[in-house]
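Accompanying notes for the structure given below.
Atoms within each ligand, like the ligands themselves, are counted from 1 in listed order. Bear in mind that the values here come from a model prediction, so they are computed numbers and not experimental data. All residue numbers refer to positions in the sequence shown, counting from 1.
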Amino acid sequence: MCGIVAYIGRRPARPILLEGLKRLEYRGYDSAGLAVFNGSIAIAKSAGRVSVLEQKVNGLGGFDGTIGIAHTRWATHGEPNDTNAHPHTDDVSKGHGIALIHNGIIENYGVLKQYLEEKGHTFNSDTDTEVLTHLIGELYDGDLEAAVQGALREVTGAYAIAVICNEQPDVLVVARKGSPLMVGVGKDEYIVASDSSAIVAHTTQAFTLDDYTVAKLTRDSFRTTTVDNVPLTPQIRELEFDLDQIELGRFSHYMEKEIHEQPDSLRRCLKGRTDTREGQVVLGGIAEYARDLVKARRIIFVGQGTALHASMVGEYLMEDLAKIPTEVEFASEFRYRNPILEDGTVVIAVSQSGETADTLAAITEAKQRGALTLGVVNVVGSTIARDTDAGVYLRVGPEIGVASTKAFIGQVMVTTLLATFIGRRRFLSADYVSQLLTSLEALPDHVEKALQLSEEIKDATSRYVERENWLFLGRGHNYPVALEGALKLKEISYIHAEGMPAAEMKHGPIALIDDGMPVVFVATKNSQYEKVISNIEEVRSRGGHVIAVATEGDNAIRKVAEEVFYVPDVPEPLQPMLTVVPLQMLAYHAAVLRGKDVDKPRNLAKSVTVE
Ligand code: F6R
């Protein structure tokens with residue numbers, strides 16, 4: 001949700017900023033802009049992708065300085081056009097030449113704008129961000145850091161910002177509240193970015209800014225303070241990030257790459273966490289809270305989108321394996337509906353990015369109400385990871401494709417481990433856990449096998465890809481997989497798809513089924529198999545075309561399904577991590593066949609840092 005990158009050092013800023021923007025483009029891609037100081041601040045902006053900005057700026061002079069800021073936007077206030085693109089500047093006639101980029105939302109921009117207009121400021125754009133630029137300009141008195149601190153004391157909302165000023169050309173000021181921001185520390189240079197992907201090519205030393213922190217950077221020094229100018233000492237840490245992880249390699253899209261990485265993602269997620277001999281799960285991140293978890297009386301998972309679907313699998317697993325009453329809630333609803341959290345409630349936030357505003361707010365609410373909070377998060381050091389009491393990382397590596405894939409199976413794997421960890425301390429025998437862990441360890445190989453279906457799935461998808469309405473149906477543990485399959489298809493190929501429990505279809509949605517409508521069933525062998533087959537018959541008798549994900553060896557299903565994608569037989573609780581794979585591939589191929597931009601679907605952004 002907007003990517004920002006800023007540089008101060010001794011090298012030309014422009015290529016570093018453009019390269020950084022390309023790395024961060026997954027966060028927003030409706031317009032982009034950059035500002036470089038080279039005697040005075042030069043600014044270039046354009047609607048569209050970073051490549052459009054790059055073409056524009058490479059043909060222009062004046063961008064050869066060694067300090068600059070750049071932004072790729074996901075619009076909240078004001079349509080995506082050149083004017084609303086960042087950087088924004090303070091008042092042209094009476095300003096100090098301040099340029100600013102911002103990720104987040106200034107909630108009280110209305111009153112601030114009125115105040116500034118009364119002071120004679122003229123606004124150019126429809127954005128909330130511009131208000132901040134003018135406010136800094138209004139407060140500027142020869143000290144950019146002090147003006148930024150002063151302005152931030154007045155604003156409510158979320159921000160990660162970077163600011164430069166014509167009158168102080170050797171200073172870069174950055175700050176953060178609610179939106180992510182990280183400072184890479186190089187030799188005589190600093191690279192600031194929304195995440196480490198734009199930093200690692202230059203340095204592996206970095207620190208994350210905490211909320212309400214302002215950093216003043218010069219070429220050879222930095223200082224961090226609160227917005228009230230109280231000095232802070234940040235912890236510089238080594239970034240664990242390999243550039244290969246964020247290169248496309250032999251793949252055409254990040255989504256395709258990430259789907260194919262899933263066997264290794266699972267292996268990394270499992271590494272060192274299973275003790276098959278002893279029938280134990282080893283989770284260092286939550287060991288300190290093991291007793292609280294064993295005594296938990298209720299578990300609430302919160303998340304959004306794909307993370308919510310993974311949480312729904314988590315609910316089944318937690319009740320199955322740990323026998324603790326469990327619920328799942330949209331984090332956005334949980335936060336605002338005055339939830340009752342009795343003693344012994346554990347709230348688990350599931351999030352790939354660890355920055356989703358709704359999920360973060362839900363955790364804040366849960367903590368205020370005294371609940372123990374855990375994070376099931378991918379991005380190390382992200383806000384949710386830091387703000388929860390404890391947690392377990394997914395370890396699936398950076399996910400760049402906007403449509404979440406490997407994070408889903410990582411989230412399900414971690415919730416499986418969590419449920420087993422608690423269950424073993426409550427009711428599960430060491431033998432049972434041993435067997436379960438053996439099946440878990442075999443899962444990456446099964447996923448690898450499922451990936452071989454890609455061409456077959458592409459071929460089948462091509463027969464239905466023109467259809468505009470699809471249904472995805474599943475039961476039990478595979479019901480959330482049906483939801484996830486529908487979400488994947490709609491978000492990247494813009495086909496209307498609905499997912500639901502297979503039994504729910506006849507309570508209304510069955511009216512949609514007409515001749516040739518594609519209906520995707522997760523119909524693997526498990527306790528509800530016969531019932532799913534009955535639902536398939538109901539679809540067929542109304543002219544629907546059935547695409548089934550089935551268990552290897554189930555020849556009978558060919559009689560009732562037009563297309564069958566076979567996956568290996570695994571125990572019922574573990575099926576979602578396998579059955580989701582053909583559905584991810586189906587969505588991927590549908591989007592490619594329809595000529596859509598798979599990694600940057602329209603209107604979306606990777607990490608949703610606004611409510
Ligand atoms: C869908 C997708 C989104 C995210 C959701 C939560 O493919 O990626 O639905 O799952 O925005 O994001 P995180 O997991 O970062 O909290």
Can you list everything that forms a ring pair (Phe, Tyr, Trp, His ring centres under 6.0 Å) with H589? Sequence neighbours excluded, please.
none
Would you indicate whether the side-chain heavy atoms of V519 and H545 approach each other to under 4.5 Å?
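They are not in side-chain contact.
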Answer with side chain, backbone, both or neither: which part of E355 has a heavy atom less than 4.0 angstrom from an atom of ligand 1?
neither
With a 4.0 Å heavy-atom cut-off (strictly under), which part of N378 contacts ligand 1: side chain, backbone, both or neither?
neither
Modelled atom types, side-chain donor and acceptor of T359 and Q304, under 3.5 Å:
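Judged by distance alone, the side chains do not pair up.
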Return a yes/no value for T306: is any of its N or O atoms, backbone included, closer than 3.5 angstrom to an N or O of ligand 1?
yes
Distance to 0.1 Å, residue and atom name: give those for the protein heavy atom nearest to [atom].
atom                    : value
atom 6 (C) of ligand 1  : Q304 O, 3.3 Å
atom 14 (O) of ligand 1 : Q352 N, 2.6 Å
atom 7 (O) of ligand 1  : E491 OE2, 2.5 Å
atom 11 (O) of ligand 1 : V608 CG2, 4.0 Å
atom 16 (O) of ligand 1 : T356 OG1, 2.4 Å

Ligand-residue contact atoms, ligand 1 with A307, heavy atoms, under 4.0 Å:
10 (O), 14 (O)
Note: ligand 1 atoms sitting under 4.0 Å from heavy atoms of K488 are 1 (C), 7 (O)
For ligand 1, is there an atom lying under 4.0 Å from some heavy atom of L308?
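Heavy atoms of L308 never come under 4.0 Å of ligand 1.
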With a 6.0 Å cut-off on the ring centroids, do Y316 and H477 count as close?
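When the ring centroids of Y316 and H477 are compared, they turn out to be within the sub-6.0 Å range.
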For the pair S31 (side chain) and P80 (backbone), establish whether a donor and an acceptor sit closer than 3.5 Å, ignoring hydrogens and angles.
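Answer holds: no.
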Test item: N378 side-chain N/O and S353 main-chain N/O as donor-acceptor pair under 3.5 Å
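It does not hold such a pair.
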With T383 via side chain to side chain donor-acceptor pair (under 3.5 Å) - residues at least two apart
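In terms of side chain to side chain donor-acceptor pair (under 3.5 Å), with neighbours along the sequence ignored, T383 is linked to R176, E355.
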Electrostatic pair R335:E365 at N-O distance under 4.0 angstrom
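No.
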Which option, A403, S353, G401, owns the non-hydrogen atom nearest atom 15 (O) of ligand 1?
S353
